[in-house]
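Treat the numbers as computed from the prediction; the structure is a model and nothing was measured. Both ligands and their constituent atoms are indexed starting at 1 by order of listing.
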Amino acid sequence: MSLKTKDQIETTTGRTEIPDPEMVKKELIAKYPTKVARKRSKQIMPNTTDECGNPTVMGANVRTVPGIITQRGCCYAGCKGVIMGPTRDIVNLVHGPIGCSFYAWLTRRNQTRPPTDQDDNYMTYCFSTDMQDNDIVFGGEKKLKAAIQEAYDNFKPKAISIFSTCPVGLIGDDVHAVAREMKEKLGINVFGFSCEGYKGVSQSAGHHIANNGIFTHVVGENDTIMDADYKINLLGEYNIGGDAFEIDRILGLCGISLVSTFSGNSSYDQFANCHTADLNAVMCHRSINYVADMLEIRYGIPWIKINFIGAQATAKSLRKIAQYFDEPELIERVEAVIAAELPEIERVKEEVKQRCEGKLAMMFVGGSRAHSYQGIFKEIGMRTISAGYEFAHRDDYEGRRVIDDIKVDADSRNIQELEITRDETRYNPRKTEAEMAELAEKGVAFKEYNGMMADMDPNALVIDDISQYETEKLIEIYKPDLYCAGIKEKYAVQKSGIPMKQLHSYDSGGPYAGFKGAINFYKEIDRMVNSKVWGYIQAPWQGSPELSAKYGWE
Ligand code: SF4
């Protein structure tokens with residue numbers, strides 16, 4: 001089969017047409033053994049809809065094909081690395097051999113800013129029990145207790161949490177019993193996570209385990225109510241490259257106060273106190289929707305989906321929050337902030353757009369950004385022709401309406417679903433049913449997320465858990481102007497002459513969230529896709545040789 005590449009189409013028609021996604025899909029799976037091709041074909045879908053407008057069913061959150069070179073990480077990475085890692089004043093102790101701890105040491109750019117230099121900040125440390133052969137043979141509980149004691153003696157932290165790595169579950173160390181014993185002994189909060197790397201199929205299982213753990217052991221520990229008018233929690237924002245600082249700046253200008261952020265720039269007290277907020281604003285749906293649901297059921301706090309990536313999305317999210325509180329003074333203030341910030345954004349955007357308009361992007365990122373960045377690309381005239389997630393579930397692709405249809409398979413059945421009930425004394429519905437209905441009428445969608453596919457072009461290709469081979473094939477077929485993913489893909493993509501933007505670490509840049517973040521992002525993408533360096537991939541003599549020669553045997 002021969003597919004036209006973007007270049008071929010451009011030269012023949014003078015405009016960019018996208019190859020038929022069905023043909024691309026066939027090409028991507030053509031070389032796989034039958035069983036693998038069958039499996040992958042459920043996770044590679046042209047973005048079509050049925051007669052009722054529902055997106056195609058995406059195969060997602062299923063086990064990775066062994067040996068395929070996935071981008072995925074493990075349950076421990078999702079629990080410790082993503083959700084708990086950004087918290088500055090809990091000692092996050094990894095129970096396992098040293099690798100898991102070492103490779104997660106300061107490699108995620110979740111920034112933190114303690115209120116003063118005297119406040120605890122353990123994020124620069126790497127705490128591990130450094131298990132050895134003896135601990136595997138005779139058990140590691142003794143060593144774990146000793147490590148907790150040592151951490152306590154040295155740091156006197158507010159809390160210590162324990163993260164189980166692969167061998168811990170296999171040898172049967174009971175980290176929860178150790179946590180209970182040490183909690184009693186030390187008088188501080190000590191709690192454990194059974195987030196062994198082999199649980200579930202990806203980081204996603206670790207998010208769920210972290211959500212359950214933080215909700216069980218910390219949320220609700222402190223009932224102090226912040227003296228502020230509009231109190232919200234920002235859920236699923238991890239302050240990569242300072243994103244949460246920029247969001248905090250904007251919310252501050254609007255007069256909206258953050259009780260907690262899960263979990264960028266967070267502290268133990270924020271988690272302990274988050275049940276006193278009046279609204280949950282959810283950024284990354286995948287990683288934190290469990291806490292959002294549990295806070296609503298137990299304490300009566302509604303949640304809405306927001307997105308602070310891109311100027312338009314930021315303005316829309318601020319307006320949604322203001323609409324929820326429904327106070328004219330707040331609505332006015334939000335409009336004033338948007339009006340003050342937009343002119344500079346417009347100026348940069350229009351300038352950048354002249355050079356980026358019509359360019360094609362691809363994004364294969366975690367469980368949220370492959371969607372949340374599509375709007376900011378649109379702002380500078382770039383189209384997303386293919387996108388997908390490492391570890392999202394069907395609801396992140398197709399929208400939460402499919403949640404009841406999702407079958408939990410054998411690989412994820414061991415991830416606990418907590419039974420949450422109303423708190424007898426502290427449940428307090430923030431709005432009456434009539435108020436909620438009225439807000440819904442006005443367009444405030446509670447507990448709703450429509451997923452990535454609803455926002456994508458009909459001829460875009462959606463790929464779940466993309467393999468390295470598929471990445472290379474996609475690049476060969478589409479020749480995109482920009483590929484966005486992570487560090488593992490970066491250099492392979494760049495070697496094929498395609499600009500590559502890391503949307504996990506931001507390539508040491510950022511913030512990209514909020515208004516200032518949008519300006520940073522426009523400029524960065526402009527520099528990247530329009531850099532002269534991509535024109536130097538071929539040596540001049542490869543295109544027009546001045547000399548030619550043959551080998552003797554030719
Ligand atoms: S898969 Fe297991 S060994 Fe590897 S990082 Fe995760 S917990 Fe550690």
Side-chain angles (χ1 to χ4, degrees), residues 61-87 90-110 123 125-137 139-141 143-144 147-148 160-176 178-179 191-214 238 263 286-287 366-367 389-392 409-416 465 467-468 485-489 504-505:
N61 192 34
V62 291
R63 189 187 295 192
T64 295
V65 176
I68 206 162
I69 314 188
T70 174
Q71 303 174 340
R72 279 178 172 173
C74 67
C75 177
Y76 153 80
C79 182
K80 194 267 177 187
V82 174
I83 311 282
M84 296 304 295
T87 306
I90 300 177
V91 166
N92 286 326
L93 174 61
V94 179
H95 187 33
I98 199 63
C100 322
S101 212
F102 180 78
Y103 287 106
W105 186 11
L106 288 178
T107 42
R108 194 158 169 262
R109 297 184 59 239
N110 36 249
M123 279 177 49
Y125 291 89
C126 167
F127 298 100
S128 170
T129 53
D130 186 18
M131 287 175 99
Q132 303 295 318
D133 301 6
N134 259 354
D135 307 313
I136 300 295
V137 176
E141 289 183 16
K143 197 174 194 187
L144 177 60
I148 293 170
I160 298 176
S161 57
I162 309 155
F163 299 88
S164 306
T165 59
C166 286
V168 172
L170 299 175
I171 63 171
D173 273 3
D174 188 344
V175 298
H176 305 287
V178 171
F191 48 99
F193 296 93
S194 289
C195 54
E196 289 87 349
Y198 51 74
K199 282 212 172 134
V201 297
S202 67
Q203 292 94 312
S204 178
H207 302 148
H208 198 162
I209 290 167
N211 278 231
N212 289 351
I214 200 80
Y238 301 101
S263 53
R286 181 67 270 135
S287 63
Y389 294 122
E390 283 169 60
F391 50 72
D409 68 10
D411 292 308
S412 300
R413 212 163 284 144
N414 59 355
I415 314 302
Q416 195 188 6
D465 188 17
S467 70
Q468 181 61 28
I487 185 69
K488 297 188 292 297
E489 301 89 326
H504 296 278
S505 76

Colleague: Taking all heavy atoms of Gly96 and all of Thr165, pick out the closest pair and write down the distance.
Modeller: CA-OG1, 3.1 Å
Colleague: In the complex you have, is atom 4 (Fe) of ligand 1 within reach of the protein, judged by whether a heavy-atom distance drops under 4.0 Å?
Modeller: no
Colleague: Please check if any side-chain donor atom of His504 sits under 3.5 Å from a side-chain acceptor atom of Gln71, or the reverse.
Modeller: no
Colleague: Just checking, any donor-acceptor pair under 3.5 angstrom between side chains of Ser202 and Arg72?
Modeller: no
Colleague: Tell me, please, whether Phe391 has Arg286 positioned over its six-membered ring: NZ or CZ under 6.0 Å from the ring centre and within 45 degrees of its axis?
Modeller: no
Colleague: Got the closest protein heavy atom to atom 8 (Fe) of ligand 1, with its distance?
Modeller: Cys100 SG, 2.3 Å
Colleague: Which residue owns the protein heavy atom closest to atom 6 (Fe) of ligand 1, what's the atom, and how far is it?
Modeller: Cys74 SG, 2.3 Å
Colleague: Atoms of ligand 1 less than 4.0 Å from Cys166 heavy atoms?
Modeller: 1 (S), 2 (Fe), 3 (S), 7 (S)
Colleague: Give me the one residue out of Lys80, His176, His95 that meets side-chain contact (heavy atoms from CB on, under 4.5 Å) with Ile162.
Modeller: His95
Colleague: Using a 4.0 Å cutoff against the non-hydrogen atoms of Thr165, which atoms of ligand 1 qualify?
Modeller: 7 (S)
Colleague: Identify, by atom number and element, the atoms of ligand 1 in contact range of Gly197, meaning under 4.0 Å from any of its heavy atoms.
Modeller: 1 (S), 2 (Fe), 6 (Fe), 7 (S)
